[in-house]
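Side chains are part of it too, since the values below use all heavy atoms of this structure and drop only hydrogens, waters and symmetry mates. Positions are given from 1 along the sequence. This is a predicted model, so every value here is computed, not measured.
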Amino acid sequence: MRRSIAGVALIALCSAVAGCTTADPTVYSGLASAPQLQPNSQDETGRMPYRYKGQVDWRLYSKIIVDPVSIYNGSDNQFVKMAEGDKSLLASYMREQFTEKLRTRFAIANIPGPATLRLRLTLTGAKTTTPVLGPFSHIDVGGGAYNAVQAARGREGSMTGSVNYAVELYDTVSNRLLLAYVTKQYPNAMNVGASFSSLAASKVGIRKGADALLVEMK
């Protein structure tokens, strides 16, 4: 009983303390697509609050260039006490995962040309899982109840990492922006395994984000 009460108190405290979660993504002023991003009225989860989509038929494209992932350094970034080495690791992992996922639909290209897209990803924020407390909040009875509610709402688990990033897709011949959005991704709140290392949750978010982009392009 005491352990359960302690867990509930701990999570309540975390919810009240700034920095326990990253904020929902914003229209980062340094993005090339920032002037075109508009509030996404179809988003109810806070995962993708801003979006732009031009007139595009994805069936016309068979190849894609995946640029190296940029790390956003603007003052409106949403990194929460993250080491530069961890940012670089996540950026490399993001390019790898998006490339592998997109390879199932497009040929990966290196030079612009007809029927070729260019994907620009920008890592705009991230938060690591809180050591010890992250796993504890999933195992503890009170924490488990809290995370069950969060999972049902499609929201973040307690003291678990996340990742914020921007997607920009261009036609490589015209350089026309076809799709852009900013998003936040994180594991299901009941995903205990994603809480056992500092970057595991952010990596789960990246993989979910790669899946989501492929759905956008169908």
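Residues Val173 and Ile111 do not share a hydrophobic cluster, defined by chaining ILVMFWY side chains whose heavy atoms lie under 4.5 Å apart. Tyr170 and Leu119 fall into different hydrophobic clusters, where Ile, Leu, Val, Met, Phe, Trp and Tyr are joined by side-chain heavy atoms under 4.5 Å apart, directly or via other members. In the hydrophobic cluster analysis, where Ile, Leu, Val, Met, Phe, Trp and Tyr join through side-chain heavy atoms closer than 4.5 angstrom, Phe98 is grouped together with Leu117. The same ILVMFWY cluster, assembled from side-chain heavy atoms under 4.5 Å apart, contains both Leu179 and Met94.
Legend: ring-ring contact (aromatic ring centres under 6.0 Å, His included) pairs involving residues 100-122, not counting sequence neighbours: none detected.
Side-chain polar atoms of Tyr28 and Thr124 form a donor-acceptor pair below 3.5 angstrom. With 3.5 Å as the limit, one finds no donor-acceptor pair spanning the side chains of Arg105 and Tyr61.
When each of Glu216, Gln36, Gln42, Gln38 is tested with Arg51 by the rule side-chain hydrogen bond (donor to acceptor under 3.5 Å, both in side chains), just one qualifies, namely Glu216.
Judged as a side-chain contact (heavy atoms from CB on, under 4.5 Å), and not counting sequence neighbours, the contacts of Asn77 are Tyr72, Phe79. Qualifying salt bridge (charged side-chain N to carboxylate O under 4.0 Å, His left out) partners for Lys87, counting only residues two or more places apart in sequence or in other chains: Glu84.
Looking at Asp171 and Arg176, no side-chain N of the basic residue comes within less than 4.0 Å of a carboxylate O on the acidic one, giving no salt bridge.
Side-chain contact check for Arg118 versus Arg120: some heavy-atom pair is nearer than 4.5 Å.
Heavy atoms only, all atoms of each residue included: Val27 and Ala34 are closest at CG1-O, 3.6 Å.
Considering NZ of Lys208 and CD of Gln185, their distance stands at 6.0 Å, rounded to 0.5 Å.
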